[in-house]
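The figures that follow rest on heavy atoms only: side chains count, while hydrogens, waters and symmetry mates do not. Per chain, numbering begins at 1; letters A, B, ... match sequence-line order.
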There are 2 protein chains.
Amino acid sequence: MSTVGNSTNIFWQESPIGKTERQKLINQKGCVVWITGLSGSGKSTLACSLSRELYTRGKLSYILDGDNLRHGLNKDLGFKAEDRVENIRRVGEVGKLFADAGLICIASLISPYRKDRDACREMMHDSSFVEVYMNMSLQLCEARDPKGLYKLARAGKIKGFTGIDDPYESPLNCEIELKEKEGECPSPVAMAEELVTPRDFLAPPCSVSSSASLSSSSAASLSLSAPTSASIPIAILTPISFSAPFQRIVQFAPSLRVLLVTFSTLIL
Amino acid sequence: MSTVGNSTNIFWQESPIGKTERQKLINQKGCVVWITGLSGSGKSTLACSLSRELYTRGKLSYILDGDNLRHGLNKDLGFKAEDRVENIRRVGEVGKLFADAGLICIASLISPYRKDRDACREMMHDSSFVEVYMNMSLQLCEARDPKGLYKLARAGKIKGFTGIDDPYESPLNCEIELKEKEGECPSPVAMAEELVTPRDFLAPPCSVSSSASLSSSSAASLSLSAPTSASIPIAILTPISFSAPFQRIVQFAPSLRVLLVTFSTLIL
């Protein structure tokens with residue numbers, strides 16, 4: 001019996017079939033790919049493309065889209081500070097369940113506050129949380145404004161809009177960072193081209209990466225993010241080329257590239 | 001743009017990979033198996049057994065256990081009336097997501113109020129909601145009292161305990177009903193025997209059933225539940241034998257049994 005949160009007299013129920021069995025069953029590693037960034041930065045586009053690409057590789061993924069969840073699980077929440085916190089918390093908890101179920105769960109939501117994202121990372125005891133930062137400038141996102149929300153925010157019709165009158169706290173230790181090229185918002189065509197061109201990718205030395213493909217619909221380039229000892233970047237980006245800093249790592253660990261490929265087959 | 005619940009300025013994001021694709025990928029039909037009944041009625045035992053049996057058949061399931069979720073997603077909720085409603089609602093919403101992901105989602109929680117369960121059923125637009133009623137008597141559950149909660153409730157140390165000082169509203173139109181035999185709480189041994197003995201199962205005339213196996217750890221017998229036009233019983237009980245009322249249906253539709261078997265292969 002335990003008291004947890006506001007619940008008392010509750011028991012933990014173990015299941016005979018655990019994450020390990022489920023992962024074996026569908027031959028993949030359950031994880032959460034958490035895509036964060038400003039409105040209009042291409043999170044949903046990336047989520048959809050990633051889902052499609054994983055599907056073509058026979059991998060089961062599921063998208064937790066911030067807006068979509070506000071039609072269901074989170075429809076009782078608004079955009080007050082405490083509601084935003086609760087919104088992120090619930091997505092984190094559901095993402096954890098999906099990862100535990102063995103799925104590659106793609107969470108796509110602005111999630112502007114570092115503290116809230118880190119709390120979701122902390123939920124994942126086995127470090128299968130992959131934070132993807134859509135590092136697109138406000139200027140670029142506002143120029144795109146695919147939902148017309150920046151206009152409304154500038155006109156004062158939406159209050160507390162991230163990037164306008166509410167802050168976005170960029171990740172300090174994300175696994176993957178995506179940037180625009182020369183201030184240009186990537187087009188779907190550019191994305192298609194990007195699919196077949198090499199990308200930079202830097203994995204933390206102690207982590208594993210993979211050769212699975214990212215068919216993103218944004219022609220973003222991958223840049224280096226600081227290694228985090230608590231994180232394991234997953235296997236979503238290919239073809240892989242190694243950035244200069246990574247090449248330096250490879251000088252000290254010539255077999256690392258082999259390891260990366262090996263692990264990628266385990267993960268994806 | 002839409003206003004949904006307490007959220008405004010939100011958009012629905014379509015994914016290129018939908019439920020159909022995911023179901024094809026893992027060769028099963030996503031659904032929610034909602035197990036309801038008194039504390040101590042064997043819900044968790046059934047959930048675990050069902051999960052194990054599905055696993056042996058290569059099917060991916062995931063258990064949403066009421067108590068377990070109170071350690072995470074629902075840890076902000078207590079047992080007040082409004083908290084109970086919200087608890088069930090969230091499990092329903094998450095179950096819907098899992099079903100949409102293609103999984104056989106097994107929700108196991110007392111869920112005492114008909115209205116709340118029906119609300120969860122209503123969430124599932126494609127009628128893949130299977131309500132399983134653990135129809136065990138209060139006397140039997142209280143005699144088992146596996147968590148010692150009935151004792152606490154009788155001593156007044158737990159208020160609003162279902163079956164003692166809070167009502168349990170039995171389903172009117174559940175797909176599957178499980179009953180004890182002659183007032184006896186089934187033992188695991190009896191359950192194991194039950195696995196290989198024929199069971200009664202009545203499917204709604206317009207619905208499909210299956211021949212997949214239920215390795216429940218309760219020696220419960222399956223009895224007839226009223227047909228519901230909005231429901232599709234899934235494929236969890238085998239070997240199937242047909243109850244007398246169902247035999248009458250078969251008289252009018254001699255090919256129905258063939259249909260059942262055919263559909264079972266589609267579903268599981």
Problem set entry | Part of A:Asn68 within contact of chain B (heavy atom distance under 4.5 Å) | both
Seminar exercise, completed: Of all heavy-atom pairs linking B:Ile35 and B:Met134, the shortest is CG2-CG, 3.6 Å
Problem set entry | Part of A:Ser108 within contact of chain B (heavy atom distance under 4.5 Å) | neither
For this session: Below 4.5 Å from any heavy atom of chain B, which atoms of A:Leu103 appear? Answer side chain, backbone, both or neither.
Result: side chain
Exercise. Should the pair B:Glu142-B:Arg154 be classified as a salt bridge under the 4.0 Å nitrogen-to-oxygen rule?
Worked result: yes
For this session: Measure distances from A:Asp100 to the heavy atoms of chain B and classify the residue's part below 4.5 Å as side chain, backbone, both or neither.
Result: both
For this session: Name the option with the most non-hydrogen atom pairs under 4.5 Å to chain B; the candidates are A:Pro16, A:Ser51, A:Gly66.
Result: A:Pro16
For this session: Just give me the residue among B:Leu97, B:Asp65, B:Ile63 that pairs up with chain A most often, heavy atom to heavy atom, under 4.5 Å.
Result: B:Leu97
Exercise. Side chain, backbone, both or neither: which part of B:Glu14 has an atom under 4.5 Å from a heavy atom of chain A?
Worked result: backbone
Exercise. Is the shortest distance from a Lys or Arg side-chain nitrogen in B:Arg70 or B:Asp83 to a carboxylate oxygen in the other one below 4.0 Å?
Worked result: no
Problem set entry | Approximate separation, where rounding is to 0.5 Å, of B:Phe98 CZ and B:Ser61 OG | 10.5 Å
Exercise. Between A:Asp76 and A:Arg90, is there a side-chain N and carboxylate O pair less than 4.0 Å apart?
Worked result: yes
Seminar exercise, completed: When the 4.5 angstrom heavy-atom criterion is applied to A:Ile26 and chain B, the contacting part is side chain
For this session: Would you check, one step at a time, whether the test ring pair (Phe, Tyr, Trp, His ring centres under 6.0 Å) holds for A:Tyr168 with A:Phe161?
Result: CA-CA 10 Å; A:Tyr168 178 83; A:Phe161 194 77; over 10 Å; no
Exercise. Between A:Asp67, A:Val94, A:Leu64, A:Asn87, which residue shows the highest count of heavy-atom pairs closer than 4.5 Å to chain B?
Worked result: A:Asp67
Exercise. Closest heavy-atom contact between B:Gly42 and B:Arg144?
Worked result: N-NH1, 3.7 Å
Seminar exercise, completed: Note: vs chain B, highest number of non-hydrogen pairs under 4.5 angstrom among A:Ala101, A:Gly92, A:Gly148, A:Ala47 is A:Ala101
Exercise. Is there a donor in the side chain of A:Asp118 and an acceptor in the side chain of A:Tyr113, or the other way round, less than 3.5 Å apart?
Worked result: no
Problem set entry | Segment of A:Leu73 engaging chain B (4.5 angstrom heavy-atom cut-off) | both
